[in-house]
Every structure is written in C-alpha cells, then in structure tokens.
Colleague: 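The structure is given below, and queries will be raised subsequently.
The figures here come from the full heavy-atom set of this structure, side chains too, leaving out hydrogens, waters and symmetry mates.
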Amino acid sequence: MTHHSQRRGALGPKPSKPTHGRFSLRVTILTMMVSILAILATVLLLLGQQAGREVVLTGARDHMATVETLVAERLTASIGQMEAQVPLLATLPALRDPPRSSTHPAEPQLRGLMDGSRGIHHLFVLYPDGTFLRLIDLKDATTGERATLSAPPHTDRITQIRFQDRDGFQWTQWRYEDAKGAIIDALLESGPAGQTSPPEWVRTVLDAGTITELPPRRTHPSGQPVLTMAAPVDGGDGAVVGIDITLSRLSTFLAAHRPTMDSRLVVLNKRGYITASQDLDTLNRLREGPSEASLPLVRLVDMGDPVLDALRFHFLETDGADVVDLDLNGREWMVRLMPLTHSLHEDSWILLATPIDEVVGPLIAITRMGAWYSVAVVLSTVPLVLLASTLISSPLRRLTRSAETIRAFDLATPVATRSQISEVDDLATTMEAMRAGVETFARYVPRTLVERVIASGQGAEQGGDRREATLLFTDVQGFTTLADGRDPERTMADASAYFEVLGQVIQDHGGVIDKFIGDAIMAMWNAPETNPDHARDACRGLLAALRAVGRWNLDRIRRGEPPFPTRYGLHSGPVLVGNLGTHDRLNYTAVGATVNTAARLEGLNKVYGTTTLVGDTTRRVAEAADGSLLFRAVDRVVPMGARGALEVHDLIDPTWEAMGIDQLRAYIGDWDRAIALYRARDWTGADAAFKELSYRRPRDSVAGLYLVRIAAWKAAPPPTDWDAAFHAESK
C-alpha cells in the first residue's frame, strides 16, 4: 500500500472533475451511427439494381482489348528490333576479331544500339576460342536479377569482356556502369585458357548460316529465361552475335498490366505452351534447369491453376479475338484471345481472362436516382454530423495536439481540455497526470535517448538487435587528482558544465549519450535510429568535441581554473543494442566486443600520449565518406582481452596544428612510409625517418615512442615471428 501511494503521489493528486451536464461517448456514437446506418440502409435497398452492369462490362471489355494491344505492341516492337538489328550486327567488321584486351572496338556501336532500343536486355558476341563480349541492360531488372549479377546500386548496364592474353591466360572483366556510362565498379577475373565446346544452340546458328530464332533458354551469367535471335558474324570464323529478350521481365510487364488482381494474362502458342505469364513465381519454378540450356516447356495445365486448366479447352477450339463470357469452375469470366501478328517462336497468342465479379462488384455505377438519394442522405445527416463533430472532434483535436507536445517532450504546457463527453474528459485528466509524471521522471533519463527510442518505434522490452554501430568513450585525464582537495560541490558544478559542453556537441552530430560513468561518457551512433553514415558523423563529432572542449579549457585557464584534458576512443563494428536490465528497470545500451574495444582505445591514449585513438574500421568507412578527414596510423595493437591485432589511428584536427593542410597530408604520407620501414625491420631507415618526423612535429609523443622501440630492437632484435603488434597489458 505504501509503495502504491508513493507512486500516485509522484504523478500528482488526481484532480476532481464535474459530474453533471455530460453525455456518455458510447451513447453519443451509438445514436449517430444508428441514425446514419438506418438512412444508408434505405438508400442501398433502393440502389440495389443492376442498371449499370452493361456499362461496366462494356468498359471492362474495352480495357481488356487495350491491355492486349499494349502487350502485343511491346512484344512486336521487341521482336522486330531483334530481327532488324541482328543481321546488321552480323555485318559489323569490328566484331570479326575476338577481344584481346579489356576493351573491344565494337563497344561504342553495341552500346549505342542498346541505348537506342527498347526491350533489348542482353546483347552478346561469342567467339570459338571461348572469348566473348556481352552487354546486359539493367534499367528494368528485378531485385533478384541485380543480386545475381552483384550489381552495385544505380547500375544501368554491365559490360562483360573475356579476352586471352599472349601467355595463354583468359581474363574476364566486369564493368558496372550508370545511366551516363560512368563506371561505378569493375572486377577482373583470370584463369588458364581452355577450349570449350560451344553450346548446342551456337552450332545450330552456325549450321543455319543466317539469323536464327532459338527456343526459350537460360542466359549466362544471370540464369534468366530469354528468347534469343542470333546469327553468324560475317567473316568472323565461327563467331556468333545475338540479342536476348528476358522473359522474366516480360512476365513482370504482364503482371503490372492485368486488369484486376485475379486476372490471368499469358502469352502462349497454339499447342498450349506458355512463353510468359503474370504468375512469374510459378513459371520460374517450372522452368528450373541449368544455365544456357533450353527451358522446359510449360503447358497451361502445368501451372496448377484450375482457371487456366479450364481455359485450355476453349483456347484450342477458338480462333477469334472477341470477348466471350465463360463459366469456369462456378465463376463467370470474360475471356479474350488475340493472335500476335508477329510470332515469338511459333504461332503465338495472348490469352486474357478477367473474373466478372471483380469488375462488376465494386464498379456498379450509381444511377441518377441513386445520386438524388445520396444528396438527400447528405442533407438529412448534416445536422447530426455537425453535432457529432462538435461534441467529439473539437476536444479530441485539442487532445491530439497535447499528445503531440508530450510525445515531442514539450512538457511545459498543461493539458487543459474539458468536454461534456465523459470519456473524453477522463482522457484529458489522465493525459495531464501522465504529462506531470513524465515531466518529473524525464529529468533522470537522457532526453535525446528517450526521444530517439520513441521515434525509432522500439518498445521498452528486454532484448535487442544486432547492427553496426560506432562507439565513443571519453575520459578526463587526471580527474581524481583534479578533484582531490577541492570542494565536492565545486567539482560537481565544473563536471556538469564540462558534460554540458561535450554532451551538446555529441548530440549535435547525431550521437546518443548512453551513460555518464563518473567523469567519462559512453556514446554511440546508429542506435536507436538508423544512420548509414555513423562512422563519418562520429568522426566529425569527435573533431567538434576536441574544439569545443579545447575552447572551454582555454577559458578556464584564463580564469585560473584547472582544465579538463580529455582522451577519446572511437571504434566501429557489430554490437547488440537494446534494453538491458530487469523487467521493471531497463537501460538502453550497446554490448559486445566493439564496445570493449572502444573503451580500450580510450585507455591506450595513455600509452601513446595521444588524445584520440580511432579503430581501423571507423577510419576506413569515415575516410571513404569524407576525404577531408585526416588520420595518422599509430600502431598495430592487441588490446587487453582481445584475440587479434587492431590497427589504430590518430584523428588529426587541422585547426590545432601549425602545419597547413597540404603539409599535414605530406607529413602523414611520410609517416606511413616510416611505419612501413619499422615493420619491415629496417631499423636504420626507420630511425632516420622518425627523427626527421619528430623535428617537423616536435610535440608528437608517438614518434618518440617509436625511436625508443627502434633503439631497443637494435640492441636485441625481435624474434622471427614478430608481427610488429603491441600487446597491451592494461585496460
């Protein structure tokens, strides 16, 4: 009882409320809804006629014809382009010779042909020695196709060239290009040359000696089902040039243009074999087979669709393109067959079936009489709606605004809404008590952390999720000595002012302060909100912290007060972030080896006499995102408790350096060469290099540390398995 009373007292006393002149929310809603439903029921009974049925069905038939025409035009254009372009490609002199390097003289012509054509997805030239040139268009590619080809984001086209060098090695280059032709990424693979037998379909094309239309097959390297037209290259001595149309993309096109969600839209030949279907998943499953092999033939009955199975009998018996109504398995369907004027492989047709109930059900037009009844309904319900909106919407809108201010942690404004509806009034009273309670207890939790946890949509439950994050640990050098002999109140006031400066900088750069640990701070980026640039933002925040704390310390020195020299450790990697603790008291935090490593890096500053130490993962990601960041390699370290060595770096703030930016970059380059000499055991060269570097940056304690190490190694060289790593023996 005592504990319960204390909690109610912390939230504030329950305010009194009036008990007269109010109406129940349930009664209000019930009265309004019964009245509206009674009127609507009468109207719906009067409008339950089928006056608009024929109008709707006529429009549906016209739409079906439009869809089939659109599909036919797409197919005819694609096939026509293939028939027109393949013979032209076969006569290009540049295609006669196989590629001998990572470029081919025919590339500009092939690229221009692909850019100027619609529907051509693959364009290739195969040579008898196993080399080839292939262009793959990805503008309309599916996510799965992009993943299969390992295409980076924004890739519009892939150029793949296999060539053979003078030493008998074959090389395969992949170039990933954007819409402007700029190379996003490239990959070069190598292997011994080997004569391989060409696929059977290549022999078919060579034997035919002219443009040949091939049965559906899977193309290399994506494994996509395609229709292919190919021809021998004139004077190419066995070379074959061809164009592919991706059947998966054709099926996707069909799925996007079917009139209703349950419509069937397929392309097939007169024997009932399917070329493309809106049901891409089923079609792909039935077409499973090895790459470059002919696709298994899929019939209407193979699809496992009772509607298509029933339609195959009608399909085999008709020659027309008119829409007919059929009863298929107890459901009425509108069915239309349209022959293609241009054959895909054989005599091809477009089959479209749409369920009548999907067309008619939601689209029975309201007749003129229904329109008048609707007007009458609106006019008769206006007074009731106005009354209901006045009683309910106005106070609820005010409560919504109050709830938004509480959610935004604007807790200074009381909830003052009152209403004649008892439930709304109770809600306002409860919200005011909640606001007062949150205002009290929010002072004990970092406001930004709570705001971001709420914004991320995560609940206050035990557990967490794995993600990449960047962790920061700070510590005041000599804080214990600084606090000794001083007034505790003064020390606490100074520490609070220090935390105010450092904490604000961290928050301004997207960091979340996890906790204060004495004179230290633990902060993180990419949790609870997702931030793909967390490493870069953390480094920028660290530089801002160096400057802000540095200026704050200078002000203290001018006033004759001791400064708060601060060390920083920053590291990125996988962590488990979430709520840790008991069911009634949780702490949102991050755990894992990355957290421990960040803490160890902060402590290692004492070993090297540095201020900032940054893990190599953070350095690589941040440097790739922001080339203006300057890092100086410090050492290869095995932190205490770690299993492997870690490259650590010093994040340099140019504003506190005597050198200019260009001088700093040159200094860092010379530093990297000195580190390389040291790790290569060139003691004489490393000694000279570090001495020269120490002259250029006299305050650098790391150069002095290396000079001491070099002197020791000269006297007693390290063992043969020395990996140049420093093994830390303390945290």
Side-chain angles (χ1 to χ4, degrees), residues 153 446-458 464-475 499-516 520-552 566-578 588-599 601-602 605 610-632 646-656 661:
R447 178 183 293 262
T448 55
L449 176 59
V450 178
E451 289 174 344
R452 294 184 185 187
V453 169
I454 293 174
S456 69
Q458 299 177 6
D465 63 283
R466 294 181 179 272
R467 65 172 66 187
E468 294 287 322
T470 299
L471 277 298
L472 170 68
F473 279 83
T474 75
D475 189 46
F499 284 138
E500 191 74 30
V501 172
L502 184 53
Q504 189 62 51
V505 171
I506 291 172
Q507 294 168 12
D508 289 345
H509 288 79
V512 172
I513 296 176
D514 181 282
K515 59 177 66 72
F516 297 98
I521 287 179
M522 172 184 170
M524 54 188 171
W525 279 258
N526 201 33
E529 290 180 309
T530 300
N531 177 8
D533 296 321
H534 55 90
R536 180 202 64 187
D537 290 348
C539 289
R540 290 178 176 176
L542 179 51
L543 289 175
L546 286 170
R547 296 161 188 163
V549 173
R551 290 190 294 268
W552 187 76
T566 307
R567 295 186 293 255
Y568 305 85
L570 197 64
H571 189 55
S572 303
V575 295
L576 183 68
V577 293
Y588 187 88
T589 188
V591 295
T594 300
V595 180
N596 298 335
T597 301
L601 292 181
E602 182 279 315
N605 281 295
T610 53
T611 299
T612 63
L613 283 182
V614 179
D616 192 57
T617 303
T618 308
R619 190 271 310 172
R620 284 188 287 104
V621 177
E623 202 170 47
D626 186 351
S628 67
L629 295 172
L630 299 178
F631 295 89
R632 190 268 303 266
L646 170 70
E647 293 283 351
V648 296
H649 304 263
D650 184 14
L651 178 58
I652 298 177
D653 182 3
T655 61
W656 296 92
I661 294 294

Colleague: So do the side chains of I521 and F473 get within less than 4.5 Å of each other, counting heavy atoms only?
Modeller: no
Colleague: Mind listing the closest non-hydrogen atom pair of N605 and T611 along with its distance?
Modeller: OD1-C, 3.3 Å
Colleague: Can you sort out the partners of R551 under salt bridge (charged side-chain N to carboxylate O under 4.0 Å, His left out), two or more places apart, ordered by chain and number?
Modeller: none
Colleague: Counting C-beta onward and ignoring hydrogens, is there a side-chain heavy-atom pair between L570 and T612 closer than 4.5 Å?
Modeller: no
Colleague: Can you sort out the partners of T530 under side chain to side chain donor-acceptor pair (under 3.5 Å), two or more places apart, ordered by chain and number?
Modeller: none
Colleague: Have a look at C539 and tell me which of L472, L629, D626 forms a side chain to side chain contact (heavy atoms under 4.5 Å, CB included) with it.
Modeller: L629
Colleague: Would you say the side chain of F631 lies within less than 4.5 Å of the side chain of D616, judging by non-hydrogen atoms?
Modeller: no
Colleague: For the CG atom of D650 and the CG atom of L630, what is their distance to the nearest 0.5 Å?
Modeller: 10.5 Å
Colleague: Are any non-hydrogen side-chain atoms of Y568 and V549 less than 4.5 angstrom apart?
Modeller: yes
Colleague: How long is the straight-line distance from OG1 of T597 back to NE2 of H571, given to the nearest 0.5 Å?
Modeller: 4.5 Å
Colleague: With a 4.5 Å heavy-atom cut-off, do V595 and T589 have their side chains touching?
Modeller: no
Colleague: Quick one: closest heavy-atom pair of A545 and L502, and the distance?
Modeller: CB-CD1, 3.5 Å
Colleague: For R536, what residues pass the salt bridge (charged side-chain N to carboxylate O under 4.0 Å, His left out) criterion, not counting sequence neighbours?
Modeller: D533
Colleague: The criterion is side chain to side chain donor-acceptor pair (under 3.5 Å); which residues satisfy it with D653, sequence neighbours excluded?
Modeller: R547, T655, W656
Colleague: Measure the CG-OG1 distance between N531 and T470 for me, rounded to the nearest 0.5 Å.
Modeller: 8.5 Å
Colleague: Show the nearest heavy-atom pair for residues G503 and I513, with the distance to one decimal.
Modeller: CA-CD1, 3.5 Å
Colleague: Once rounded to the nearest 0.5 Å, what's the spacing between atom OG1 of T610 and atom CG of L601?
Modeller: 9.5 Å
Colleague: What distance do L576 atom CG and D465 atom CG have between them, rounded to the nearest 0.5 Å?
Modeller: 7.0 Å
Colleague: Check A590 against D514 and note the closest heavy-atom contact, atom names and distance.
Modeller: N-OD2, 3.8 Å
Colleague: Enter the distance from R540:CZ to D508:CG here, rounded to the nearest 0.5 Å.
Modeller: 14.0 Å
Colleague: With a 4.5 Å cut-off on side-chain heavy atoms, are M524 and V575 touching?
Modeller: no
Colleague: Does any non-hydrogen side-chain atom of T594 lie less than 4.5 Å from one of S572?
Modeller: no
Colleague: Test your reading of the model: is there a side-chain donor-acceptor pair from R619 to the backbone of H649, 3.5 Å cut-off?
Modeller: no
Colleague: Would you please name every residue forming a salt bridge (charged side-chain N to carboxylate O under 4.0 Å, His left out) with D475, sequence neighbours left out?
Modeller: R567
Colleague: Using side chain to side chain donor-acceptor pair (under 3.5 Å) as the criterion, list what pairs up with T474, not counting sequence neighbours.
Modeller: none
Colleague: Which heavy atom of H509 sits nearest to which heavy atom of G541, and what is that distance?
Modeller: CG-CA, 3.5 Å
